[in-house]
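In what follows, chains carry the letters A, B, and so on, assigned in the order in which the sequence lines appear, proteins first and then strands, with residues in each chain numbered from 1. Computed from a predicted structure; not experimentally measured.
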There are 2 protein chains.
Amino acid sequence: MSTRERIVETALTLFNQQGSGVVSTNHIAAACGISPGNLYYHFRNKEEIIRAIFHQLTRVGAEEYLAINAARPPETAAAVTAMLDTFVMVQRFNWRYRFFKRELTVLLHHDPLLAAEFAEVHRSHRQMVHDAIARSVGEGFIAPLADEELTLFVEELWLIILFWLNYLEVGGEEVNDATLARGNAVLMSALRPHLTAPAREALAAVKTKER
Amino acid sequence: MSTRERIVETALTLFNQQGSGVVSTNHIAAACGISPGNLYYHFRNKEEIIRAIFHQLTRVGAEEYLAINAARPPETAAAVTAMLDTFVMVQRFNWRYRFFKRELTVLLHHDPLLAAEFAEVHRSHRQMVHDAIARSVGEGFIAPLADEELTLFVEELWLIILFWLNYLEVGGEEVNDATLARGNAVLMSALRPHLTAPAREALAAVKTKER
DNA sequence: GTCTATAAGCGGATAGAC
DNA sequence: GTCTATCCGCTTATAGAC
């Protein structure tokens, strides 16, 4: 692994443990076993390291999402399975980059360049949720919605996905498999009133199989 | 206004504008027109100022909530009106103390004492939402729910209320009357599938009257 | 690419006079 | 209650040798 990559990985670990605010470039260099000067050879400043983490996060997230959803067949059962798998993937993903989500608003306030980049990714991800729901309506998995209702529904789902980890943390709750699963349960609770009868059956079938 | 109160108000303004991370105690003292030493006479450190803001926020929030909900009559129309008024109140409230919500996870990570205090308030507020929904079920305004479903539904609503402002900010959207109103629309969208027929009629009546 | 050394500045916090 | 003066520690960032 190159020095540059080691800096990014080390920074991610320290940021997750202690928060990016209290971890200085000196800390990162020391934990890497390199000198501060060397760190500044590879990165202009701390913001640039954070942006590098963000780029990695974006790339990895897209890959994992596509691996689950790119080629799923159009059956309701497959849709339900893909949806549940995606929920789990997103939760694990958020946990891996937890400092970023935890400090998101502060980081964006601090670095306008990062804010612009994130806003674009944010919109495109929300669009992906929108497309996924619209496709599911077409497949008879979700009950039809007016355009405006669909937009609000997507925002609701996307907000839960984005902030569940923060919700746990501000409530003083530990992040573990049980609390992450509860986040998925909240998502399902938001989704349930919109499911069609076949989807409910498919969901029940998947759940039965899991036991 | 006492010096202590002026420090708290000035700090709130500066934190909202620039973020608590970049505003130092020196900045606050200068903006107050007092010396750094004097500030430290009134507060042991910056965390104590932030906790003072939090205590004000908690007190004001409870007062405003009770003013709307304490003595509402048990009719469905009154329940719908109180609910809508509460949504608007909460949005304005979050905006007034926006730095606190924006930086919440970071602030709590930084100050275990604040974290403990906030967790308690958080639980009690969530319980208030729970009680309000349970009462509305009793009044025939919301369709009956199993206990587990009710808990998930409350978490869903509470999460939207807590993080709508953050959601807007991370998307690079301006916070204004229109985007705050959209937050209320998302809340209504989450609520709508659970409303009973009389509640839908009452809601439609209120909306018609508003025009 | 990597190191050492160091400049320059800021933040938190306190002592002691008034 | 309020001020002035000041200390300490730390961070960011750069210069220049190897």
Query raised in the report: Can you find a pair of side-chain heavy atoms, one from Val80(B) and one from Leu195(B), that are under 4.5 Å apart?
Result: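 Val80(B) vs Leu195(B): side chains apart.
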Query raised in the report: Can you find a heavy atom in the side chain of Lys101(B) that is under 4.5 Å from one in the side chain of Leu162(B)?
Result: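 Result yes, sub-4.5 Å side-chain heavy-atom pair found.
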Please output the side-chain donor-acceptor pairs of residues 112-125 of chain A that fall under 3.5 Å, not counting sequence neighbours, one pair per line with the distance.
{"residue": "Glu117(A)", "atom": "OE1", "partner": "His55(A)", "partner atom": "NE2", "Å": "2.8"}
{"residue": "His122(A)", "atom": "ND1", "partner": "Trp158(A)", "partner atom": "NE1", "Å": "3.3"}
{"residue": "Ser124(A)", "atom": "OG", "partner": "Val121(A)", "partner atom": "O", "Å": "3.4"}

Query raised in the report: Which is it for Arg135(A) and Glu139(A) under the salt bridge (charged side-chain N to carboxylate O under 4.0 Å, His left out) test, yes or no, and what are the steps along the way?
Result: CA-CA 6 Å; Arg135(A) 178 181 175 184; Glu139(A) 292 171 356; 2.7 Å; yes
Query raised in the report: Hey, can you pull the residues of residues 39-54 of chain A with a non-hydrogen atom under 4.0 angstrom from DNA chain C?
Result: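 Correct list: Tyr41(A), His42(A).
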Requested in this report: Report the C-alpha distance between Glu155(B) and Arg182(A) in whole Å, list the side-chain angles of each, state the deciding distance to 0.1 Å, and finish with yes or no for salt bridge (charged side-chain N to carboxylate O under 4.0 Å, His left out).
Outcome: CA-CA 10 Å; Glu155(B) 295 213 282; Arg182(A) 201 170 96 240; 2.7 Å; yes
For a quick test of your reading: what N or O donor-acceptor pairs under 3.5 Å do the side chains of residues 26-35 of chain B make, sequence neighbours left out?
{"residue": "His27(B)", "atom": "ND1", "partner": "Ser24(B)", "partner atom": "N", "Å": "3.0"}
{"residue": "His27(B)", "atom": "ND1", "partner": "Ser24(B)", "partner atom": "OG", "Å": "3.2"}
{"residue": "Ser35(B)", "atom": "OG", "partner": "Asn38(B)", "partner atom": "N", "Å": "3.1"}

Could you list the donor-acceptor pairs under 3.5 angstrom formed by side chains in residues 81-88 of chain B, with sequence neighbours left out?
{"residue": "Thr81(B)", "atom": "OG1", "partner": "Ala77(B)", "partner atom": "O", "Å": "2.9"}
{"residue": "Thr86(B)", "atom": "OG1", "partner": "Asn69(B)", "partner atom": "ND2", "Å": "3.1"}
{"residue": "Thr86(B)", "atom": "OG1", "partner": "Ala82(B)", "partner atom": "O", "Å": "2.7"}

Query raised in the report: NA contact type, Ser24(A), heavy-atom cut-off 4.0 Å: base, sugar-phosphate, or nothing?
Result: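 The answer is sugar-phosphate, as Ser24(A) gets under 4.0 Å only of primed atoms, P, OP1 or OP2.
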Query - First and last nucleotide of DNA chain C, 5' to 3', lying under 4.0 Å from heavy atoms of chain B - result: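 Under 4.0 Å from chain B, the extent on DNA chain C is dG11(C) to dT14(C).
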Query raised in the report: With sequence neighbours left out, what residues match Tyr40(B) under ring-ring contact (aromatic ring centres under 6.0 Å, His included)?
Result: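 Result, ring-ring contact (aromatic ring centres under 6.0 Å, His included) vs Tyr40(B): none returned.
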